[in-house]
Number of protein chains: 2
Amino acid sequence: MDSAQIDGVRRFNRTVTERVGVLHDRYLGRDRPIGQARLLWEIGDSGQDVRRLRERLGLDSGYVSRLLRSLESDGLVTVEPGRRDRRIRAVTLTEAGRTELATLDRRSDELAGSLLVPLNDGQRARLVSAMAEVDRLLTAATVTLDDIDPESTDARDCLRSYFTEMEAVLPTGFDPERSLLPDAGELRPPRGLFLVARSHGEAVGCAGLKLPRDAPAEIKRMWVSPQARGLGLGRRLLTELELRAAGQGRTLLRLDTHHTLEAAVSLYRACGFREVPAFNDEGYADHWFEKRITATG
Amino acid sequence: MDSAQIDGVRRFNRTVTERVGVLHDRYLGRDRPIGQARLLWEIGDSGQDVRRLRERLGLDSGYVSRLLRSLESDGLVTVEPGRRDRRIRAVTLTEAGRTELATLDRRSDELAGSLLVPLNDGQRARLVSAMAEVDRLLTAATVTLDDIDPESTDARDCLRSYFTEMEAVLPTGFDPERSLLPDAGELRPPRGLFLVARSHGEAVGCAGLKLPRDAPAEIKRMWVSPQARGLGLGRRLLTELELRAAGQGRTLLRLDTHHTLEAAVSLYRACGFREVPAFNDEGYADHWFEKRITATG
DNA sequence: TCCATCCTCTGACTCTAGTCAGAGGGTTGG
DNA sequence: CCAACCCTCTGACTAGAGTCAGAGGATGGA
């Protein structure tokens, strides 16, 4: 990363915060404090729990409560005790609230339009595609990798998606019962680990690493959510697992896969994995790979 | 402009305000109110007039004054009556102020870096170039065209740059005395008009239009600042003048130019101007153009 | 020299954002 | 059924951002 790049990013930040950032808040909130507007957005047409709102916006509970009261006195929302748990109150938009939200939505469109209006067709197309590129890469840059328990909610969500996808992609379908799946213990320290990739707090990918005492380290259940593909996330997970295995003193990393998972297979090759004969009898695999790594632990 | 483009811009706005916008303010200002930090930036190493600060930041004079007092009491700036005009006070950074500014600068670098760190080399390069594209085009989109008096400060600044450039580019040099320059009255309603293009308040281009009673409308002194080239600004000025002339019921638009101004010449052709025999005896011109337009006034 | 004008400053506000410490109901496990 | 815990709400604050009106010194043209 050189200083010309840093300068470029800084220039971008300046332009964008001036042009988009400032307008964004001021313009959209126009006749309503930003806090209230943000809350309206977050409540959305389908309503939301107070608790959830607080978490999503990262605000103090007292503050949210106060904001809700002012929205309520403007007749935009109703707050009622929740059905399941009457402590957790549920917020819904009234008709007026829905109208207000639609207005915010329209303004957001106008704001977007105002950036495009002064440009000609060619410039517009270039701007939109450059924005998409920035968006993708910034999103990629915000993805964090965290160690989590393979039985936590996020892990279960990822694995469910993983299984569903295997089911759809593998020619024979996929039945977890008939696969050599590690049990949770094998993907939990000290016998292994499980990484989740999160974007804005939402799980968008995962990968497990088995670290058996008497066998090489093995990658399991690597998955990237369809909407997060093309961000280099697969490679990042792979690199991270490699580092972790090396950190545990391992010198060999293995994995099994299926040829219909083309993107995965070429990723493995691109990352330096070499194809080897079957080292297990996983019924759903037809290709096996390994890579020598340098122990650092 | 279609709705897919609007959506793209909105998605971009969301990502960027979350990732860049919020961080920008909170992070940079850390242990100092944002207002003060912005003021420090704007004062800069070389100092600044209070009046200028107010204009640039668009703040109330009382507010700026108060901010300056607090910076002063922190020992970061000194405020003294100006030399030329003792009403206009001048602000300079103290040694401590310079240090503080350097800290802000470093943080800004860190922030920029934090966006790049999680990416690999290829992604970084792509992000930086997409950012540059967005920056250019957003800058282009923020350029405003205003009618101003041809003897106002901004107009004079532009014309000075225009003359300097002619001097440098024309093979014979350029002496305003020997050219058929319109006097200011010819570029001022009702006999004409003068447009200035401004980016963030700074004049970056200009163009004059003569509207003589007994002759076709004529474009004069069109200039775009070197740092604003490639933004389609020339074309925008030309289009605007065409509209204005049409709005005055004119059906013919003329201009003279010199072949060494290659970009200008090809712009005229691309905009539908056709070369014609000399219609004046401007000594510094060697090409003459005209375009039929449709009167709308 | 005088007066209109310009520039900066102060005092007195308003509004929004956000924090902190309880109060007071609701829920759940023992 | 009770105690511990959860969730939301209210009251009482603080701090930043910004506005408005007018005071008062400085300047420049008549």
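Throughout, a chain's letter reflects where its sequence line sits, starting with A, and its residues are numbered from 1.
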Are [X] and [Y] within salt-bridge range, i.e. N to O under 4.0 Å?
X        : Y        : result
B:Arg236 : B:Glu240 : no
B:Arg87  : B:Asp85  : yes
B:Glu133 : B:Arg136 : no
A:Arg10  : A:Asp7   : no

Specify the separation, in whole Å, of atom [atom1] of [X] and atom [atom2] of [N].
X       : N      : atom1 : atom2 : answer
A:Leu53 : D:dT8  : CG    : P     : 9 Å
B:Leu39 : D:dA17 : CG    : P     : 11 Å
A:Arg69 : C:dT16 : CZ    : P     : 14 Å
A:Leu57 : C:dT16 : CG    : C1'   : 16 Å
A:Leu68 : D:dT10 : CG    : P     : 10 Å
B:Asp60 : C:dT10 : CG    : P     : 13 Å
B:Glu80 : C:dC9  : CD    : P     : 12 Å
B:Arg32 : D:dA17 : CZ    : C1'   : 16 Å

Just compare [options] and give me whichever is closest to any side-chain atom of [X].
X       : options                : value
A:Tyr63 : C:dA17, D:dT27, D:dC9  : C:dA17
B:Asp85 : C:dT27, C:dA17, D:dA26 : D:dA26
A:Ile34 : C:dC9, C:dA17, D:dC9   : C:dA17
A:Arg51 : D:dA17, C:dT16, D:dC7  : D:dC7

Below 4.0 Å: OP1/OP2 of D:dT8 and any side-chain N or O of A:Arg54: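 Answer yes for this pair, as a side-chain N or O of A:Arg54 is under 4.0 Å from OP1 or OP2.
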
Under 4.0 Å from OP1 or OP2 of D:dG18: is there any side-chain N or O of B:Arg38 that close?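 For D:dG18, OP1 or OP2 has a side-chain N or O of B:Arg38 closer than 4.0 Å.
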
Closest-nucleotide ordering on DNA chain D, the 5'-leading residue of A:Ile88 and A:Arg66: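 Final value for this comparison: A:Ile88.
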
Between B:Leu67 and B:Gly62, which residue's closest nucleotide on DNA chain D lies nearer the 5′ terminus?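 That would be B:Leu67.
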
Counting distance alone, no hydrogens or angles: does the base of C:dG25 have a donor or acceptor under 3.5 Å from a partner atom on the side chain of A:Arg89?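 Checked by distance alone, the answer is no.
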
Would you say the side chain of B:Arg87 and the base of D:dG24 hold a donor-acceptor pair, judged only by whether the two atoms sit under 3.5 Å apart?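 Donor-acceptor pair under 3.5 Å: no.
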
Taking salt bridge (Lys or Arg N to Asp or Glu O under 4.0 Å) as the criterion, tell me which of A:Arg106, A:Arg107, A:Arg32 meets it with A:Glu100.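 So, applying the salt bridge (Lys or Arg N to Asp or Glu O under 4.0 Å) to A:Glu100 and each of A:Arg106, A:Arg107, A:Arg32, only A:Arg32 qualifies.
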
Give one of base, sugar-phosphate or nothing for B:Arg52, where a contact means two heavy atoms less than 4.0 Å apart.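 Nothing, no heavy atom under 4.0 Å.
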
